[in-house]
Amino acid sequence: MSPLRFKPLLIPLSVLAIAGTAQAAEWNMATPYGDASFHTQNIKQFAEDVAEATDGELRINVHSGGSLVAHGEIKSSVRRGTIEVGEVFLSILSNEDPIFEIDTLPGVAGSYEEAMTLWETTQPMIAELFAAEGLIPLYAVAWPAQGLYTRTEITDPEQFEGLRVRAPNINTQRFVQNLGGNPTETEESDIPTAFSTGRVDAMITSSATGNAMTAWDYISWYTDANLWLPKNLVFINQRAFDRLDEATQEALMEAAAQAEARGWQMSRDNNETSLQALEENGVSVVAPNEAVADALQTAGDRLFADWQDRASEEALELLETYRAGLEE
Ligand code: PCA
């Protein structure tokens, strides 16, 4: 093939100047949750929206379910720039700062409205902590409220004694301990194995994850305890962002804002359909009785007191601001 076949077009300099430095970019994104998760479905839609809004100038390849990077490595991989975009369960970062687990505390935000207000209040501090590491949060979406999945009905707090409970983060593990149980931290994708190998008897998670992980294969009861609504956070590498031209940056941010709004609605809808799916598949969905509710409350109060001891002044102030906002 003649090298002259692709003659460069003669483009006037003035046009080149207008075109700026735009260069198509291809980004990789790692997520911890599988394709059955509404978070992943929302992320895939987000990637499609970005490609469309930028005419393919920015393409995001989504690697779901920890297939590219394990959950615990996602944040550091985005920080290093090995990948450009990541999603994490925000509260797994609690060892870095207790602000990250403010959404896994009982009695703080028990509805979608409150969870959203909590996010709006804490977002600036979270963004600042991320910025210090060269990261930019794009958006966050809450999971449905967390509850307890068990093989038998929980009617008496004594049943928590020694119960081996799967938990998705450290705070939930502490909560299980406060109840008298034995917690194990397990990734969502490892839930079926944890049950089938007899490592756990129960789990704390949402209706959404129970449904996505076909909980009816290993448990029969879901105590819908409305514990808290924890969030996933999607974030990017700042340097990768800086390399984009302004129009692409704007399109990305616009798609992120849409993904946040869409994701919260998906979470509400998914909660409804998941509770239905659980029941249709033979899981009894029940509210805790008074004695169990009291035990959950006591365990929660302890968890909250411990958190207050660890939290920074700034985090405690934000909690106050949040609470004052709810009273308005
Ligand atoms: N599902 C995820 C995080 C919280 C949730 O509802 C999990 O259980 O791992």
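Treat the numbers as computed from the prediction; the structure is a model and nothing was measured. Just follow the structure's listing: the first ligand is 1, and inside any ligand the first atom is 1.
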Trainee: Consider side chain to side chain contact (heavy atoms under 4.5 Å, CB included). Of L233, I102, D103, L229, which one does W119 pass it with?
Mentor: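 Only match with W119 under side chain to side chain contact (heavy atoms under 4.5 Å, CB included): L233.
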Trainee: Do the side chains of R174 and E101 get close enough for a salt bridge, i.e. N-O under 4.0 angstrom?
Mentor: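 Looking at R174 and E101, the cut-off is met.
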Trainee: Should you measure from each heavy atom of Y33, which atoms of ligand 1 turn up under 4.0 Å away?
Mentor: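 So the answer, numbered in order with elements, is 2 (C), 3 (C), 9 (O).
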Trainee: May I ask you to decide if L93's main-chain N or O and E96's side chain share a donor-acceptor pair within less than 3.5 Å?
Mentor: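 Checking the backbone N and O of L93 against the side chain of E96, no donor-acceptor pair under 3.5 Å is found.
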Trainee: Tell me which protein heavy atom sits closest to atom 7 (C) of ligand 1, plus the residue, atom name and distance to 0.1 Å.
Mentor: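 For atom 7 (C) of ligand 1, the nearest protein heavy atom comes out as R166 NH2, 3.4 Å.
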Trainee: With no hydrogens and no angle check, is any side-chain donor or acceptor of N237 less than 3.5 Å from a backbone partner on E84?
Mentor: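 No, the answer is negative, given that no donor and acceptor are paired below the 3.5 Å cut-off.
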Trainee: Suppose I only count heavy atoms of E188 and a 4.0 Å limit; which atoms of ligand 1 are within that range?
Mentor: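 This gives 9 (O) as the contact atoms.
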Trainee: Just to confirm my output: which protein heavy-atom neighbour is closest to atom 1 (N) of ligand 1, and how far is it?
Mentor: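 Protein heavy atom at minimum distance: T209 OG1, 2.7 Å.
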Trainee: What protein heavy atom is closest to atom 8 (O) of ligand 1, reported as residue, atom name and distance in Å?
Mentor: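 Sorting protein heavy atoms by distance from atom 8 (O) of ligand 1 puts T205 OG1, 2.7 Å first.
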Trainee: Residue-level breakdown please: for E185 versus ligand 1, do any non-hydrogen atoms fall below 4.0 Å on the side chain, on the backbone, on both, or on neither?
Mentor: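 No part of E185 is near ligand 1 at this cut-off.
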Trainee: Do the side chain of N226 and the main chain of G110 share a donor and acceptor less than 3.5 angstrom apart?
Mentor: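 Answer holds: yes.
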Trainee: Considering only protein heavy atoms, which is closest to atom 6 (O) of ligand 1, and at what distance to one decimal place?
Mentor: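 For this ligand atom, the closest protein heavy atom is S206 OG, 2.6 Å.
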Trainee: So, 4.0 Å and heavy atoms of M213: is ligand 1 close enough to count as a contact?
Mentor: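 In this structure, M213 fails to qualify as a contact of ligand 1 - no heavy atom is under 4.0 Å.
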Trainee: Quick one: does ligand 1 sit under 4.0 Å from the side chain of Q146, the backbone, both or neither, non-hydrogen atoms only?
Mentor: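 Q146 to ligand 1: side-chain contact only, backbone stays beyond 4.0 Å.
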Trainee: For E158, I'd like to know if atom CD has over 12 heavy atoms of other residues, nucleotides or ligands within 6.0 Å.
Mentor: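 Not more than 12 within 6.0 Å, no.
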Trainee: Any idea which heavy atoms bring V200 and R151 closest together, and the distance?
Mentor: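 Closest approach of V200 to R151, heavy atoms only: O-NH2, 3.3 Å.
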